[in-house]
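Heads up: the structure comes next, in structure tokens.
Just so we're on the same page: letters track the sequence lines, and every chain starts at 1.
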Number of protein chains: 2
Amino acid sequence: MSTTPTKPLRIGEVAEMLGTTPRTIRYYEEIGLLPDAQEREQGKHRCYTDTDVERVREIMRLRDLLGLTLEEVSALLEAEDARAQLRREIRETEDPAEIRRILEQALGHIANQLELVRHRRRELEQLESELVAKRRSIHKRLGELDA
Amino acid sequence: MSTTPTKPLRIGEVAEMLGTTPRTIRYYEEIGLLPDAQEREQGKHRCYTDTDVERVREIMRLRDLLGLTLEEVSALLEAEDARAQLRREIRETEDPAEIRRILEQALGHIANQLELVRHRRRELEQLESELVAKRRSIHKRLGELDA
DNA sequence: CTGCTACCTTACGTTTACGTAAACTTCTGA
DNA sequence: TCAGAAGTTTACGTAAACGTAAGGTAGCAG
């Protein structure tokens with residue numbers, strides 16, 4: 001997945017890629033949504049991998065599409081965190097029971113997200129069909145106007 | 001306003017029906033999203049018809065599902081406003097050309113809303129399928145763990 | 001080395017969408 | 001009629017999610 005050693009990105013580049021601002025990314029780091037990348041020394045420039053970029057994109061998507069607060073996003077993203085942790089632990093041939101526990105936990109978090117997403121989608125579909133009905137009604141009246 | 005003479009509701013009832021607060025409804029009125037119902041005299045209680053309730057519900061839905069600001073909602077709801085205006089004008093057997101103009105305008109606003117809704121829905125579906133993929137991947141790894 | 005640009009930290013400012021409090025009034029059931 | 005619940009106006013408060021400005025630094029091109 002992240003096995004491709006891509007050139008590290010600076011905060012401005014990441015921001016532009018995602019249609020946001022450096023301030024927003026720093027803010028996410030500030031509130032703990034993003035890890036202080038690469039144990040940076042004070043004053044040094046932040047640099048990001050494309051895995052980091054994906055995480056920011058995911059944050060913004062959950063925020064926008066589900067209308068979650070950043071705190072709620074933080075809770076939901078525990079699944080990603082668990083998977084990341086898993087990748088680290090797997091390298092050390094960890095106890096299979098522990099691996100199973102982590103996987104099952106991630107599964108639970110993903111189920112939560114899916115529930116939210118599907119609920120939202122149903123609501124949107126409802127709204128969409130109401131709009132279509134309205135449009136049809138108007139078209140009908142326009143037709144009657146011609147008669 | 002509506003043809004069914006339902007018992008007028010007070011602000012607290014409306015709020016509870018919609019899972020919100022009186023303050024929110026007053027706020028919507030304050031910023032012009034809701035008309036100051038029924039040319040109320042200073043200090044008298046507000047009262048609402050079920051048409052009014054529907055409007056508030058619609059506002060909240062657009063706000064939540066599409067993530068719009070109240071100002072943006074206001075712009076989108078011009079379609080409803082046009083339809084309401086239409087109903088008034090139709091009673092006075094207005095010029096058919098004018099009616100057609102209003103209808104076509106409402107049609108445009110509804111098309112706007114539909115575009116927004118559909119775009120959102122597609123994004124949600126994308127997110128949903130990614131989640132399903134992740135889940136499948138985890139299940140697969142759990143299966144391998146058993147082997 | 002020099003200069004320029006993007007970045008860093010700190011800290012206060014801003015907008016949206018209400019929450020909350022106070023002092024008073026309108027309604028409604030007994 | 002009258003008490004108490006619910007409503008009204010006015011006005012200040014607030015939380016989330018950044019924006020913005022100031023004063024200094026890192027990093028790279030030449």
Does [N] have OP1 or OP2 sitting under 4.0 Å from an N or O in the side chain of [X]?
X: R46(A); N: dC8(C); value: yes
X: Y28(A); N: dC18(D); value: yes
X: R26(A); N: dA6(C); value: no
X: T21(B); N: dG19(C); value: yes
X: T69(B); N: dT15(C); value: no

Exercise for the section: Would you kindly compare L68(B) and K44(B) by the position of their nearest DNA chain C nucleotide and give the one closer to the 5′ end? Expected result: L68(B)
Completion exercise
The nucleotide from dA17(D), dC7(C), dT8(D) with an atom nearest the side chain of R40(B) is dT8(D)
Problem - Distance-only donor-acceptor test (3.5 Å): side chain R10(B), base dG7(D) - result: no
Using whole Å, report how far [atom1] of [X] lies from [atom2] of [N].
X: E13(A); N: dT5(C); atom1: CD; atom2: C1'; answer: 13 Å
X: E30(B); N: dA17(C); atom1: CD; atom2: P; answer: 12 Å
X: E16(B); N: dA5(D); atom1: CD; atom2: P; answer: 16 Å
X: Q42(B); N: dA23(C); atom1: CD; atom2: C1'; answer: 14 Å
X: L62(B); N: dA17(C); atom1: CG; atom2: C1'; answer: 16 Å
X: R23(B); N: dT14(D); atom1: CZ; atom2: P; answer: 15 Å
X: L18(A); N: dC18(D); atom1: CG; atom2: C1'; answer: 16 Å
X: M60(B); N: dT16(C); atom1: CE; atom2: C1'; answer: 16 Å

Handout entry: Given R121(B), R120(B), Q113(B), the one that forms side chain to side chain donor-acceptor pair (under 3.5 Å) with E128(A)
Key = R121(B)
Exercise for the section: Using a 4.0 Å heavy-atom cut-off across all strands, classify L70(A) as base, sugar-phosphate, or nothing. Expected result: sugar-phosphate
Exercise for the section: For R63(A), answer base if it contacts any base atom (sugar-phosphate contacts may also be present), sugar-phosphate if it contacts only those atoms, and nothing otherwise; contact means non-hydrogen atoms under 4.0 Å. Expected result: sugar-phosphate
Practice task
Say whether R122(B) and Q126(B), considering side chains only, have a donor N or O and an acceptor N or O under 3.5 Å apart.
Solution key: no
Handout entry: Carboxylate-amine/guanidinium contact R57(A) E54(A), below 4.0 Å
Key = yes
Exercise for the section: Just do the salt bridge (charged side-chain N to carboxylate O under 4.0 Å, His left out) check on R26(B) and E29(B) with the steps written out, would you? Expected result: CA-CA 5 Å; R26(B) 286 195 206 97; E29(B) 180 186 311; over 6 Å; no
Handout entry: Enclosure of E16(A) CD (heavy-atom neighbours >12, cutoff 6.0 Å)
Key = no
